[in-house]
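As structure tokens, the structure follows; a few thoughts come after it.
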Amino acid sequence: MYVLIGHYVHICQSWDIRHLEHNVIYWDIVVVTTLDIVQKDAYDALIQQRSTINRIPLGVDYLVITDPGKIGNGGSTMHAMHVLEQQYGWEILRQKRILLIHAGGYSQRTPTTSCLGKISTSIPKGWPTYDLLDIKLALYSLFPARMPHGGVLLCSSDTIELFDESHTHTDWQLTDDFVAFAHPSSLSVGTQHGVYVLDPTDKRKCICVLQKPTIEQMKTHKAIWCHGEEEFVYTDSLYYFNMNVAQRLAEVYRQEHNIQCEIDCYGDFMSPLGICPLPRPIDKENDHNHQQQHIRLKQKVYDALLGCHLQVIILHKSSFNHTGTNDEYLDICCGNGKTGHEIFDALQLEKHIGCKVFDEGRHDAVDFWHGILPALPHGDTLHHQPSAPDVHGCIIHSFIHPKCRSSKRSLLEYCCIGIPIQTGENTILSNITLLTYSDLHENILQIPSNIIIQTIPLNDERYATFAFGFHDNMKATYNNDEKLMYFGQTLSTIATKLHCHIDDLFDNENEKSLWTLKIFPVTKNPNESFEKTLKIILLNDFIKSKQEYVSIKEILKQRNISAIIHYRSNLINCT
């Protein structure tokens with residue numbers, strides 16, 4: 001039903017834009033925004049590596065722009081327009097077709113994507129396996145030809161938008177001030193998104209855009225439509241704006257360049273749009289200084305965009321899919337649930353990409369982190385191995401022991417598993433090297449259900465492995481020490497186990513969360529790193545020796561991007 005992504009990804013990965021035929025139009029500039037300089041280094045390294053091996057379209061200007069603080073995707077958009085103006089000038093930019101991907105954020109809801117960033121989230125298709133950047137460069141290749149006067153197409157990094165082009169009006173062009181794409185969605189989905197209130201006589205005309213409205217508000221504004229007995233609303237996703245809008249946003253940024261608050265590129269940009277826009281934000285007498293700047297900036301954005309024309313294009317046979325939680329991500333990779341099954345089929349995903357059976361006689365020759373690679377004489381893949389492992393989940397570019405077992409709802413990506421393991425439901429293992437494990441009982445290592453584990457290389461040839469519960473709230477902060485639990489263990493229990501005081505588990509007493517919990521051992525060996533972290537969860541005994549412990553927040557600050565890219569490249573080359 002949907003546009004086939006695989007075909008477009010294949011085309012995009014073989015294109016040199018500079019040598020395209022005149023009737024084939026692609027992006028001139030692809031902008032990726034990041035939260036901090038470390039994340040920028042990761043994206044720059046990935047783009048450089050892909051350009052070297054012709055993995056992404058060539059002849060495109062790829063710009064990774066770091067946000068000047070936590071300013072939200074709206075502030076990030078304004079800052080990006082300011083940077084583009086400085087680098088190119090408006091006279092040149094007016095003819096440029098720009099794809100803007102907001103990929104900043106720490107991915108706290110999907111920590112295993114934090115190391116390389118959300119845009120690098122693996123999607124099980126292609127060789128090497130694609131990620132969200134591949135999918136977006138492919139899917140959005142349909143849009144540049146609809147942008148005769150240039151402009152900006154804005155999207156999030158953790159979404160997949162699918163649509164059936166045969167059911168979309170083909171006469172539209174991206175030329176208005178704003179052109180937004182709308183998806184039919186249930187009322188419950190509408191409460192978590194922007195909802196377009198459309199003119200019943202001409203659905204391309206928008207009355208206003210509600211922001212995460214209640215169902216009662218949808219009814220009041222007559223935003224609800226019916227198909228038979230089914231009620232639905234039209235929700236937001238990606239949208240286009242022209243260079244007139246880009247200049248206005250850049251001007252607001254120049255006026256308020258020291259932004260200390262978050263602005264939303266959906267709620268705040270869309271509020272002043274439509275035939276009868278939402279009311280202008282108002283000041284409150286008891287607002288603090290930072291709140292006053294927030295309101296003032298919202299008002300400036302509102303005033304700058306008021307009067308801009310908004311056209312809405314409905315993608316009737318479409319699907320807007322979020323990948324930003326562990327549940328959503330596993331559903332897609334494993335084809336579980338209604339949405340996951342739909343995406344899995346639409347994208348023609350595969351359960352096993354580059355999965356090979358580990359040769360038990362090669363332990364001493366395996367070290368993907370340092371380029372010591374296994375020479376497998378038979379090169380048996382999972383599908384051709386006579387005694388194939390009992391695996392049912394998704395496996396991406398990994399070697400696994402022939403006696404491994406995995407559940408239908410599990411993911412192993414970039415792993416080298418040389419001992420028998422069994423994973424339960426809701427399990428994600430990433431970048432794991434596991435060739436030995438002390439105290440291996442019953443000849444198989446049981447990995448608990450509802451767990452995510454990832455090993456990350458740090459600077460100075462060190463390693464740390466973090467592990468969290470599948471449904472842990474990484475953003476929640478705690479004032480009461482006893483309320484913060486780690487796999488059912490209180491902070492006092494963990495502190496006793498690690499021979500330290502509770503205060504030693506955090507750098508900042510006012511910032512206590514799972515994200516800042518310093519319990520992950522730093523080692524010189526990735527295998528040892530995994531084992532020590534897992535034993536903190538599985539064993540009730542004291543840890544025998546004291547050592548350095550870090551939080552995931554510190555891990556991400558110290559991570560060695562080039563090492564992890566090198567490690568994954570080695571695994572890809574051998575699978």
Side-chain angles (χ1 to χ4, degrees), residues 32 34-50 52 64 66-67 103-108 110-122 131 366-373 397 413-416 429-435 452-468 474 498 500 504-508 511 513-534 536 543 545-572:
V32 181
T34 72
L35 187 64
D36 56 32
I37 193 66
V38 181
Q39 195 175 67
K40 171 180 166 56
D41 290 342
Y43 290 149
D44 278 333
L46 285 168
I47 289 171
Q48 178 59 43
Q49 180 212 34
R50 292 176 176 210
T52 302
V64 182
T66 302
D67 296 342
Y106 289 123
S107 306
Q108 289 176 286
T110 53
T112 54
T113 69
S114 296
C115 182
L116 293 178
K118 286 184 274 191
I119 201 69
S120 301
T121 302
S122 299
D131 57 24
V366 178
D367 184 355
F368 290 102
W369 293 100
H370 297 96
I372 305 172
L373 311 177
H397 293 306
E413 63 161 1
Y414 300 101
C415 293
C416 183
L429 303 185
S430 177
N431 305 341
I432 301 302
T433 293
L434 187 56
L435 305 179
I452 58 174
I453 312 178
Q454 184 177 58
T455 298
I456 295 181
L458 309 181
N459 297 324
D460 302 322
E461 296 190 1
R462 301 172 303 149
Y463 299 86
T465 298
F466 68 74
F468 294 106
M474 307 298 295
L498 300 184
C500 67
D504 297 329
L505 298 177
F506 303 95
D507 284 330
N508 187 338
E511 191 182 353
S513 68
L514 289 174
W515 194 255
T516 60
L517 183 61
K518 297 168 57 176
I519 59 171
F520 304 118
V522 176
T523 72
K524 289 286 186 179
N525 179 287
N527 196 129
E528 180 187 12
S529 168
F530 175 87
E531 180 171 342
K532 286 190 172 183
T533 293
L534 189 61
I536 291 174
I543 303 301
S545 59
K546 288 188 176 182
Q547 61 185 94
E548 178 186 1
Y549 294 96
V550 292
S551 64
I552 184 174
K553 180 179 179 180
E554 293 171 320
I555 288 173
L556 295 178
K557 286 182 179 179
Q558 301 179 42
R559 68 193 189 273
N560 187 327
I561 297 300
S562 60
I564 194 167
I565 291 175
H566 179 70
Y567 163 77
R568 291 191 170 195
S569 295
N570 285 339
L571 268 169
I572 289 169

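Along the sequence shown, residues are numbered consecutively beginning with 1.
Checked by atom type, the side-chain pair E413/T112 shows no donor-acceptor distance below 3.5 Å. Under 3.5 Å, the side chains of R462 and N560 contain no donor-acceptor pair of N or O atoms.
Checked against ring-ring contact (aromatic ring centres under 6.0 Å, His included), W369 has the following partners two or more places apart in sequence or in another chain: Y463, Y567. Listed by chain and residue number, nothing satisfies the salt bridge (charged side-chain N to carboxylate O under 4.0 Å, His left out) test with R559 (two or more places apart in sequence, or in another chain). With sequence neighbours excluded, the residues forming a side chain to side chain donor-acceptor pair (under 3.5 Å) with T110 are T113, listed by chain and number. Partners of Y43 under the ring-ring contact (aromatic ring centres under 6.0 Å, His included) rule, at least two apart in sequence or in another chain, do not exist in this structure. Legend: residues meeting salt bridge (charged side-chain N to carboxylate O under 4.0 Å, His left out) with D507, ordered by chain and number and at least two apart, are K518. Taking E461 as the reference, nothing meets the side chain to side chain donor-acceptor pair (under 3.5 Å) condition, with sequence neighbours excluded.
Residue T533 comes nearest to P521 through the heavy atom pair OG1-CD, 3.4 Å, listed as atom of the first residue, atom of the second, then distance. Taking both residues in full, the closest heavy atoms of A464 and S529 are given as C-OG, 3.2 Å, listed atom of the first, atom of the second, then distance. When all heavy atoms are compared, the tightest approach of Y414 to S122 is CE1-OG, 3.8 Å. L429 approaches C415 most closely through the heavy-atom pair O-SG, 3.5 Å. For the pair P111 and I552, the tightest heavy-atom approach, listed with the atom from each and the gap, is CB-CD1, 3.9 Å.
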Stepwise side chain to side chain contact (heavy atoms under 4.5 Å, CB included) check, Y549 with C500
CA-CA 11 Å; Y549 294 96; C500 67; over 6 Å; no
What do the steps show when you test T455 against T433 for side chain to side chain contact (heavy atoms under 4.5 Å, CB included), and what is the final call?
CA-CA 8 Å; T455 298; T433 293; over 6 Å; no
What do the steps show when you test I456 against T465 for side chain to side chain contact (heavy atoms under 4.5 Å, CB included), and what is the final call?
CA-CA 6 Å; I456 295 181; T465 298; over 6 Å; no
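Side-chain contact between I432 and I453 is present, with heavy atoms from C-beta onward closer than 4.5 Å. Side-chain contact check for D67 versus T34: every heavy-atom pair is 4.5 Å or farther apart. The shortest distance between side-chain heavy atoms of Q48 and T52 falls below 4.5 Å. Contact annotation: the side chain of I561 approaches that of L116 to within less than 4.5 Å [non-hydrogen atoms, C-beta and beyond]. With a 4.5 Å cut-off on side-chain heavy atoms, F466 and S114 do not count as touching. In this structure, the side chains of L534 and E531 stay at 4.5 Å or more apart for every pair of heavy atoms. In this structure, the side chains of Q547 and T523 come closer than 4.5 Å at one or more pairs of heavy atoms. L498 places none of its side-chain heavy atoms less than 4.5 Å from the side chain of D504.
For the pair N431 (side chain) and Q454 (backbone), a donor-acceptor distance under 3.5 Å is absent. Looking at K40, its side chain does come within 3.5 Å of a backbone N or O of V64 through a donor-acceptor pair.
Put simply, CD1 on I564 and OG on S430 are 6.5 Å apart, with the number rounded to the nearest 0.5 Å. Between the CG atom of L435 and the CG atom of N527 there is a distance of 5.5 Å, given to the nearest 0.5 Å. In this structure, NE2 in H566 is found 10.5 Å from CG in L571, a value given to the nearest 0.5 Å. One finds the CH2 atom of W515 at 9.5 Å from the CD1 atom of I555 (value rounded to the nearest 0.5 Å). The SG atom of C115 lies 10.5 Å from the CD atom of Q39; values are rounded to the nearest 0.5 Å. Going from atom CE of M474 over to atom OG1 of T516 covers 9.0 Å, rounded to the nearest 0.5 Å.
Taking the charged nitrogens against the carboxylate oxygens, K524 and E528 have no contact shorter than 4.0 Å, which rules out a salt bridge.
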